[in-house]
Each structure stands twice: as structure tokens, then as C-alpha cells.
There are 2 protein chains.
Amino acid sequence: MMTTPVVIVLNGVIVAVTDDRPRILTVKHPDDSLRVPEGADFGNGAAPDALPFGPLDPAADRTLELGLNGWVQEQTGIELGYVEQLYSFGDRNREPGVRQGGPRVISIAYLALVREEQLSVRGEANWRDWYEYFPWEDWLWRRPSMIDEQIAPALARWAKAATDTSLRSRRQERIEIAFGLEGAPWDQERVLERYELLYEAGLVAEQALDTIVARRERQESQKSSQGSFRQTKSSLLGRPMALDHRRILATALGRLRGKIKYRPVVFELLSPTFTLLQLQRVVEALAGVRLHKQNFRRLVEKGGLVEGTGQLDPKTGGRPAELFCFRREVLRERPAPGIGLPGALTK
Amino acid sequence: MMTTPVVIVLNGVIVAVTDDRPRILTVKHPDDSLRVPEGADFGNGAAPDALPFGPLDPAADRTLELGLNGWVQEQTGIELGYVEQLYSFGDRNREPGVRQGGPRVISIAYLALVREEQLSVRGEANWRDWYEYFPWEDWLWRRPSMIDEQIAPALARWAKAATDTSLRSRRQERIEIAFGLEGAPWDQERVLERYELLYEAGLVAEQALDTIVARRERQESQKSSQGSFRQTKSSLLGRPMALDHRRILATALGRLRGKIKYRPVVFELLSPTFTLLQLQRVVEALAGVRLHKQNFRRLVEKGGLVEGTGQLDPKTGGRPAELFCFRREVLRERPAPGIGLPGALTK
DNA sequence: GTTAGTTATACTCACTTTAAGCATAAGGAG
DNA sequence: CTCCTTATGCTTAAAGTGAGTATAACTAAC
């Protein structure tokens with residue numbers, strides 16, 4: 001009996017905030033177009049966006065992070081600053097196209113934060129607004145109307161499609177909690193839960209493709225599982241990505257939204273000195289929520305997270321703002337120094 | 001050129017709380033004694049404690065969690081309830097004994113919570129108080145004196161041993177933040193940071209062994225790196241574990257301590273109905289801190305996390321307590337329902 | 001060079017949440 | 001009956017939050 005070989009792939013979610021928008025670095029994934037069946041392409045027939053990725057060289061790379069740094073450097077020319085491990089994905093079905101007989105792929109995903117200056121990238125890499133992939137997560141302007149107009153009805157249909165009563169009510173509960181429906185509050189951190197619901201309900205392109213490929217490979221007939229249905233292409237939500245990369249991205253976004261609340265990671269995305277409004281805009285961009293300005297100031301200043309430098313910001317329209325910098329001492333003073341989203345303006 | 005094969009190992013940190021003490025499931029790791037050089041054994045010559053572990057079968061196990069469940073079942077007879085992925089460890093040096101030429105081992109660690117009833121285990125498995133491995137984390141009775149008497153002085157020596165000034169002050173800052181020295185507060189979640197400091201400073205048995213083995217394999221002479229020194233065996237802290245399992249355990253402890261604050265995971269460790277004091281004791285056991293009783297009650301009750309059942313607890317010495325149960329609806333009402341350590345009694 | 005628009009920053013006020021206690025209730029053991 | 005134990009209710013001060021109002025300092029337009 002031949003043993004199935006294992007391959008480790010490292011994925012990087014590389015985040016920056018430019019012009020008050022959170023961006024992630026993407027590349028084109030040429031191999032992945034192989035798995036797209038004829039007639040069911042990614043909108044325009046081009047290779048889909050992918051997160052930067054590379055194999056771990058089990059012989060050469062001493063640590064996982066070094067491996068990551070290495071090919072990110074090569075592929076994009078970017079020097080990573082803050083790096084943290086996100087999650088390891090290893091389900092067999094995660095890459096339906098490479099499933100039978102091939103090696104088992106385990107992908108270990110990392111989150112990296114870089115400063116906005118570093119935006120020049122080389123090669124096929126592109127910075128993309130991460131809300132293109134998750135339009136329902138962007139509450140900066142207002143609560144996205146697509147939640148009520150598209151998502152809620154489609155998910156409700158999916159829940160009802162469950163014949164089993166307890167499954168149906170479990171689905172309903174998940175939907176309400178994840179999307180803040182029926183009076184439940186919106187929790188900005190539940191990004192992954194929301195994406196997975198949409199995936200299960202067949203509302204994202206990846207699910208459609210996975211199903212098609214899986215079915216073709218199994219040579220099975222249309223034994224569709226409970227409540228799985230085909231959406232028309234036009235109703236699929238958000239910009240798709242290759243393989244399960246959008247799931248990885250959702251994990252990253254949720255993790256980052258949580259982390260800013262108890263660790264001073266935002267500063268990894270800012271230049272060493274910044275105005276309070278710039279800081280606020282970055283936090284808002286990540287959290288996807290607008291904040292109350294005065295309370296935000298009070299929180300970060302009185303919280304000891306920043307300190308004034310005395311210098312003023314040269315640019316901007318109105319009264320010049322003071323430049324602040326991260327106050328390192330806060331690490332010694334408070335147990336979990338972060339930015340607790342003061343006054344998230346829900347109205 | 002031969003390619004180095006990759007092997008995936010799944011590690012489980014299986015936690016229960018019995019008699020108000022947090023316990024983890026351990027097994028004996030027979031293979032690991034191979035790596036112990038003669039004369040430098042784990043205290044009594046026996047095989048060291050290990051976390052339950054097993055290989056991923058890349059061909060058979062459809063998902064990582066299924067693989068985990070499978071051999072946990074086999075090895076220990078325990079049915080896992082709540083399971084969450086912790087972290088993936090893949091540094092080349094993590095297993096010095098199996099280093100040159102052998103396969104690259106990537107270990108993916110999981111945290112699992114079980115109810116205390118399930119304590120009967122079969123085979124070589126044992127439940128152990130997790131504070132045996134991290135005595136400095138147990139502040140239930142009082143601030144452990146070993147922090148001031150052993151840890152602080154030894155770490156201070158280690159910091160001073162750095163010849164480079166900036167390295168020295170970075171070490172000092174890490175020490176103060178991690179162990180709450182020099183006026184910094186104690187952050188119960190920084191379990192891993194503390195363990196890693198002790199490891200780097202050579203204060204845990206694992207470091208000593210890793211160094212011996214690595215040196216023997218490199219056939220190198222005593223080119224000790226900056227500030228790495230040998231401790232006498234008696235001054236090594238806490239009960240050691242095989243390989244890097246104590247590091248994994250530290251990760252689990254820190255993660256769990258954080259998670260109870262924003263997700264209702266404690267209830268996975270309790271029977272479906274419990275008194276408020278039982279709940280409090282479990283939280284205290286995990287957090288390693290004693291809490292203010294009245295405030296704790298107020299928080300969990302007014303916070304909507306629990307609801308009374310009307311029944312009274314038969315046992316206990318004083319006035320009978322009401323039995324409560326987890327109030328599932330809280331998931332729909334609050335964004336991050338957890339237990340915010342009300343009134344951690346620091347005195 | 002006054003006016004309007006813009007952004008920054010200071011301060012207020014009502015309201016909620018916490019920390020820490022005090023006090024009372026309800027059982028068991030002797 | 002008394003003491004000990006645990007449960008549970010209530011109080012009070014301090015701190016923190018949400019949502020403003022007011023003022024300051026600049027730019028651009030007329």
C-alpha cells in the first residue's frame with residue numbers, strides 16, 4: 001500500500017490600510033483555473049484572485065514563518081513586519097480539483113500587517129479592498145442594504161429547505177446570530193461564521209464550483225444533500241477567490257477585528273507618527289464601523305495608548321492636528337491594551 | 001535529490017475541571033525517552049508525561065478533527081465535546097531527537113473540553129492538575145512565592161547576561177510584562193510568554209534536554225549562545241513534559257483563559273445544571289484567580305448568561321443553593337457573551 | 001479681510017458598570 | 001438553641017460610556 005504524501009502550503013493574508021480602506025495583497029492563481037469546469041468560470045474567465053501562497057520546503061525552511069517570509073519576499077518584494085499564525089486548514093475536500101490520488105494538502109495560514117508606505121509591489125501582485133470580497137461586512141457608510149434585500153431572504157429560504165425541524169431551527173439560530181437579524185446585535189467579529197453560512201447556503205461562487213467539481217469527480221447523479229441548491233450566477237455574493245482562500249480571508253478579518261480590542265496591533269498599520277483621526281480611520285476601516293470621534297480620542301489618550309509628540313501635521317483642510325505616536329509603556333501598565341471601539345455608531 | 005517527507009501529528013489538550021482543579025489528560029511517551037541522554041533523565045528515569053497524540057492518516061482521515069477524535073477515542077475512551085484548533089507547531093528544532101534525515105514533523109494542536117463526569121479513562125492515560133506543569137500560574141491561594149524567590153532573580157540574571165544593551169533591555173521589558181514585575185500588572189493570559197521566557201532562560205527541563213541533544217548531534221563544542229546557561233537540576237521549574245508538549249499546554253491555557261471572557265465555553269466543563277458557586281469555582285480554576293462572590297453572581301445573572309431552574313442543590317454544607325443552567329438565548333442578545341472576571345481579587 | 005467650511009480639541013452631563021462591602025436568609029452539626 | 005456555612009440581596013462610591021455642546025485653529029472663496 002502506497003502512503004499518501006503530505007504537502008504543506010503556507011498562505012499569507014497581508015493587510016495594509018491605504019486611503020482609509022483595508023487592503024489585502026492578492027495574486028492570480030493560474031493553476032486554479034484547471035478546476036473550473038467549462039461554462040462555469042469566474043465571471044470573466046480570468047484566473048481568480050488568490051492569497052499569496054507557497055510551499056513549505058520541509059528540508060530547507062527551518063521554521064514556518066521563515067518559509068513564509070521567504071517566498072513573500074520573492075513573489076511580492078514585500079518585507080513583512082507583524083506576523084501571526086491564523087489557522088491550519090486540512091480538510092480533504094478543501095481542494096476538490098486535486099482530490100483523488102494526489103497528495104494531501106495542509107495549508108497553514110498567516111496574518112501579516114504592513115505599513116501603507118510599502119504599497120509598491122512587483123509581479124502579479126495586487127492590493128485589493130477586502131470589502132470587495134465581503135461587501136456585507138462594510139458598515140462604514142451604513143448598514144449594507146444587501147443584508148436585508150438579498151442575504152436574509154436567501155438564507156431564510158435555505159433554512160426552510162431543511163426538512164428536519166431541529167436542523168431548521170438550528171439554521172435559523174445561526175443565521176440570526178451571525179447576521180444580527182430579528183433583534184440580535186451585529187458582532188463584527190463573526191466574519192467567518194457569516195461566510196460559512198453563505199457558503200453552505202450556496203450563495204457564494206466557491207460553493208457552486210466545489211459542488212460541480214465534486215459531483216463530476218464522484219460521477220454521481222444529482223443526489224443533492226438537504227437544502228443545497230443552485231443560485232443563479234447573478235445572485236452570488238462578493239468577489240470570489242481561488243480554492244478556499246476566501247474562507248482564510250474571513251478568518252483573518254475576524255481575528256484582526258478581535259485583536260485590535262486587546263492588543264495594540266493597529267500601530268503596525270500606521271507610520272510611527274500619526275494624527276488621532278488617521279488612527280481612528282484605520283480602526284474604523286478594520287472594524288467596518290464608524291466611531292464617535294471625541295470618545296475615541298478620550299479612550300486612546302486617557303487609556304495611555306498614544307502620546308503627543310508636540311509636532312503638528314502639515315497637511316489637511318482644517319485646524320492642524322497634533323502628531324501622536326504609540327506609547328510603548330502602556331504594555332507594562334495595562335493587561336490587555338487595545339482599542340475598545342468606543343461608541344460604535346450603530347445609528 | 002530525495003524530498004523530505006512530511007508527517008502530521010495531531011495533539012490534543014483535553015481539559016476537565018474536577019474538585020475545583022483544572023486537569024488535563026496525559027499519556028506516557030515511550031518513544032521520547034530515546035532522546036534523553038544517559039545521565040540526564042526526567043527526574044525518576046520514567047518516560048515523561050505527554051499530551052495524547054496521534055498521526056494524521058492523510059489518506060483516511062477526511063478532516064483533521066475527525067482524525068483527532070478517532071485516536072483520542074481509541075487511546076483514552078473519551079468522547080470529545082467542544083473542540084477547537086489551537087496552533088500548528090512546525091519548527092525544525094522542535095524535536096531535537098528526530099532531527100537529521102528523518103521526516104519533517106508538523107504538529108497541529110487542539111483544545112478539547114469535557115465534563116468532569118467522564119473522568120474514567122482507560123489505558124495509560126492520566127488526569128493531572130495543570131498547575132503541576134505551571135506552578136507559577138496558580139494564584140488561587142495567593143501569589144506564588146516562587147515568582148519572587150526563584151523566577152524573578154533567575155530571569156534577572158539571564159537578562160543581565162546579555163552583553164548587548166538593547167537585547168538586555170528588551171529582555172527586561174519582556175520579563176516585567178510577562179511576570180507582572182516592577183509594578184506591571186499580572187495578565188493571566190500570558191501563559192505562553194511566561195513559559196517561553198523560562199525556556200529561553202534555561203529554567204525548565206525541556207530546554208536543558210533540547211540543548212544537550214542538539215549539541216550532541218551537532219558534535220559541537222560548548223559555543224554557548226549569549227546568556228544561555230545551565231541550571232542545576234533542582235532549580236528547574238514545574239513538571240516537565242515530552243518534546244514541546246508543555247509549550248502546547250501553555251498555549252492552551254492562555255487561549256482558554258482568554259476565551260472564557262467572550263464566549264460561554266465554561267459550560268462545556270460543567271454538567272447541564274450547576275450552582276453559581278460551582279460555576280465560579282470552575283472559572284477560578286481556569287483563570288487561576290479568586291473572584292468576588294457577590295459580583296460574580298450579579299455579573300452572570302444580570303448578564304443573562306444563566307437562568308435559575310427553581311430546583312435546589314441537595315448537597316453542600318450551608319444554605320442550599322439554587323441550580324442554574326446556561327441560558328442559550330444570550331447568544332442572540334449579546335455580541336460576546338462571556339465571563340469578565342468580575343472583581344478579580346488581586347489582594 | 002471677512003465669511004464659510006473644515007478639522008481639532010476641550011468640556012459636560014446623564015447614565016451604566018464595576019469594586020467592594022454590609023446584611024440577611026436558610027440550611028446542618030453539636 | 002447556637003454556631004458555622006453557604007446563598008443571596010442590597011448599598012454606595014468610583015470609574016467608565018454614550019452622546020452631545022462649545023471653542024480653537026486653520027484654508028479657501030468672495
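Below, chains carry the letters A, B, ... as their sequence lines are ordered, and counting in each starts from 1. What you see is a predicted model; the values in this text were computed from it and never measured.
Looking at heavy-atom distances under 4.0 Å, A/Leu276 makes no contact with the nucleic acid at all.
OP1 or OP2 of C/dT6 has not a single side-chain nitrogen or oxygen of A/Arg319 nearer than 4.0 Å. The side chain of A/Lys293 contributes no N or O atom lying less than 4.0 Å from OP1 or OP2 of C/dT7.
The aromatic rings of B/Trp186 and B/Trp139 sit tilted, their planes meeting at an angle between 30° and 60°.
Taken to the nearest 0.5 Å, the CZ atom of A/Arg239 stands 7.0 Å off from the OG1 atom of A/Thr26.
Checked by distance alone, A/Arg298 brings no side-chain donor or acceptor within 3.5 Å of a matching partner on the base of C/dA10.
Nearest nucleotide to the B/His292 side chain, out of D/dA19, C/dG21, C/dT9: C/dG21. When distances are taken from the side chain of A/Arg297 to each of C/dA8, D/dT8, C/dG27, the shortest belongs to C/dA8. When distances are taken from the side chain of A/Asn295 to each of C/dA26, D/dG18, C/dT7, the shortest belongs to D/dG18.
A/Gln294 has its side chain within reach of A/His292: a pair of non-hydrogen atoms, C-beta onward, lies under 4.5 Å apart.
Ring centers of A/Phe274 and A/Phe326: at least 6.0 Å apart, outside the cut-off.
If B/Gln278 and A/Gln294 are placed on DNA chain D by their nearest nucleotide, the residue sitting closer to the 5' end is B/Gln278. Position along DNA chain C of the nearest nucleotide to A/Leu323 versus B/Leu312 favours A/Leu323 as the more 5'-ward residue.
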